[in-house]
Peer 1: 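Below: one structure in structure tokens.
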Amino acid sequence: MSSTGTQLATQSSAQVKTKLCAVLVEDNRLDAELILHELRRDGFDVSAQVVQDEAGFTKALLTHRPEVVLADYNLPNWKGMETLDVLRREGLDIPMILVSGALGDVTAVECIKRGATDYVLKDGLARLPEAIRHALREKHERSLRHQVEENLARKVDELARSNADLEQFAYVASHDLQEPLRMVTAYTQLLAERYRGKLDENADKFIGYASEGAQRMQVLIQDLLAFSRVGRNGSVRVSVDCNVVMKDVLLALAPAIRESDAVVTHPQLPSVWADRTQVTQVFQNLIGNALKFRGKEPPKVSVQAEGAGDRWLFSVSDNGIGIAPEYRETIFVVFQRLHARNEYPGNGIGLAICKKIVERHGGKIWVESQAGSGSTFKFTLPDRSAADEETENRKDAEKVMVKA
Ligand code: ADP
């Protein structure tokens, strides 16, 4: 910019007065006047209160409501840095700039570390206006950030609450529906036993439909209850050896493995920090599905694990019927399935339970597959080292509680 341009810019910024409310902690009247003069010269329309001690400062905060505090380092009856204690005590986020004689670099850095926003020398007051503008800009950005964080925290809170409400609703609904449904099932069965062949052919059919429907509903409600029960009574995280889990799962699935002539393989697996029952359920649901949704060949199922930072990435691969890409998300939704029940039995709750369990452990679950060419389900679980972190957090929390 040319020198004329600079001059014009200075003039026009000087014409637009910026209102500024300040408290000066200063015992030297002349210094206070010099500071105010410098600010006015630079375009601030300053309204200031000058105080010399803690009582005066506390009062000025209330009556004057400053946007900035300009404090001398040393006063006869007080110390400028102690304004920070008062501001903290009052819960006020007001920038405090030290305006002082030479302090030395070490002291100046120490003051900034302790919370002073900036440090301006009395014989370099020309820098003060820019220091104030910078401090006010920073404070504005800080409060915007704070607002965004608060909004986010509120949204997370609302979401958690609405999730909890929803879970509570699913639990109560499924739990309370069981009783009347038991009545319907019992009486339709009684009808079937007593009156089969005694009424006309249609009546037999209708009773059959009714009792089939009631039984089906009972299974669905039990599944829904199982889903909403995941983690309801709290989960106990321990170190879980996945080799032991696999042993249990293979034992539970032995009839299906034998019947389908399946081969299930896995290398030495790691230990995870998780709820043992829930992890067993995940492996059992996924391997059970790999056996159920088989193709023409006998099932070949492979379980693998690889390290992924502080977690383990597990995969369960099969050579079954596969899943078309457009269904990769929907299969994890409660009661969503891709086949008629007479083709493949099931209710569509297994993967929803897997997802809930994995996510409650802070992990993710997804599928990689193409229709007709097998599926690989992948999921992550925390490594055993999460235990140390949890212990540390607990210790910290205990320390805080002891202090309180
Ligand atoms: P269910 O097995 O009772 O149907 P799931 O929630 O376990 O319920 O699975 C949902 C759907 O995802 C299944 O109906 C099936 O269409 C699909 N699916 C799950 N696992 C596999 C797999 N290994 N191979 C192919 N399709 C699968």
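Atoms within a ligand are numbered from 1 in the order they appear, just like the ligands themselves. Since this is a predicted model, take the numbers as computed values, not measurements.
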Peer 1: Less than 4.0 Å is my threshold; does some heavy atom of Phe332 fall inside it relative to ligand 1?
Peer 2: no

Peer 1: List the closest protein heavy-atom neighbour of atom 14 (O) of ligand 1: residue, atom name, distance to the nearest 0.1 Å.
Peer 2: Arg337 CB, 3.0 Å

Peer 1: Could you check atom 6 (O) of ligand 1 against the protein and tell me its nearest heavy-atom contact, residue, atom and distance included?
Peer 2: Leu351 N, 2.8 Å

Peer 1: Tell me, which protein residue and heavy-atom name are nearest atom 1 (P) of ligand 1, and how many Å apart are they?
Peer 2: Gly348 N, 3.5 Å

Peer 1: Check the surroundings of atom OH in Tyr344: do more than 12 heavy atoms from other residues, nucleotides or ligands lie under 6.0 Å from it?
Peer 2: yes

Peer 1: Could you walk me through whether Gln304 and Ser302 pass the side-chain hydrogen bond (donor to acceptor under 3.5 Å, both in side chains) test, one step at a time?
Peer 2: CA-CA 7 Å; Gln304 303 286 336; Ser302 159; 3.1 Å; yes

Peer 1: What do you reckon, is NZ of Lys356 surrounded by more than 12 foreign heavy atoms closer than 6.0 Å?
Peer 2: yes

Peer 1: If you count heavy atoms of other groups shown closer than 6.0 angstrom to CD of Glu359, is the number above 12?
Peer 2: yes

Peer 1: Check the surroundings of atom CZ in Arg142: do more than 12 heavy atoms from other residues, nucleotides or ligands lie under 6.0 Å from it?
Peer 2: yes

Peer 1: For atom 13 (C) of ligand 1, which protein heavy atom lies nearest, and how many Å away is it?
Peer 2: Phe293 CZ, 3.3 Å

Peer 1: I'd like to check which ligand 1 atoms, numbered from 1 as shown, lie under 4.0 Å from a non-hydrogen atom of His339.
Peer 2: 16 (O)

Peer 1: Provide the number and element of each atom of ligand 1 under 4.0 Å from a heavy atom of Ile349.
Peer 2: 6 (O), 8 (O)

Peer 1: What closest approach, in Å, do Ser315 and Lys378 show between heavy atoms, and which atom pair accounts for it?
Peer 2: CB-CG, 4.0 Å

Peer 1: Under 4.0 Å, heavy atoms only, figure out whether ligand 1 is touched by the backbone of Tyr327, its side chain, both or neither.
Peer 2: neither

Peer 1: Run the numbers on Gln284 and Val245 for side-chain contact (heavy atoms from CB on, under 4.5 Å), then give the verdict.
Peer 2: CA-CA 9 Å; Gln284 187 158 328; Val245 168; over 6 Å; no

Peer 1: For ligand 1, is any non-hydrogen atom under 4.0 Å from Leu286's backbone (N, CA, C, O), its side chain (CB onward), both, or neither?
Peer 2: neither

Peer 1: Below 4.0 angstrom, N of the basic side chain to O of the carboxylate: do Lys59 and Glu54 qualify?
Peer 2: no

Peer 1: Taking 4.0 angstrom as the limit and counting only heavy atoms of Gly346, give me the atoms of ligand 1 inside it, by number and element.
Peer 2: 3 (O)

Peer 1: Which bit of Lys292 is near ligand 1, meaning a heavy atom under 4.0 Å away: side chain, backbone, both or neither?
Peer 2: side chain

Peer 1: Heavy-atom contacts under 4.0 Å between Asn347 and ligand 1: side chain, backbone, both, or neither?
Peer 2: backbone

Peer 1: Report the nearest protein non-hydrogen atom to atom 23 (N) of ligand 1: residue, atom name, distance rounded to 0.1 Å.
Peer 2: Asp318 OD2, 2.9 Å

Peer 1: Between Phe283 and Phe379, does the ring centre distance come in under 6.0 Å?
Peer 2: yes

Peer 1: Step by step, would you call Ser369 with Tyr327 a side-chain contact (heavy atoms from CB on, under 4.5 Å)?
Peer 2: CA-CA 10 Å; Ser369 174; Tyr327 299 118; over 6 Å; no

Peer 1: Show which atoms of ligand 1 fall inside a sub-4.0 Å distance from at least one heavy-atom site of Gly322.
Peer 2: 25 (C)

Peer 1: Tell me which protein heavy atom sits closest to atom 26 (N) of ligand 1, plus the residue, atom name and distance to 0.1 Å.
Peer 2: Ile323 CG1, 3.3 Å

Peer 1: Short question: side chain of Asn319, backbone of Pro298 - any donor-acceptor pair under 3.5 Å?
Peer 2: yes

Peer 1: Any idea which protein heavy atom is nearest atom 7 (O) of ligand 1, and the distance to it?
Peer 2: Asn289 ND2, 2.8 Å

Peer 1: Please report which non-hydrogen protein atom sits nearest to atom 10 (C) of ligand 1, along with the residue it belongs to and the distance in Å to one decimal place.
Peer 2: Gln336 O, 3.5 Å

Peer 1: My understanding is that we take every heavy atom of each candidate and find the minimum distance to atom 12 (O) of ligand 1. Doing that for Leu338, Val367, Ile331, which one comes out nearest?
Peer 2: Ile331

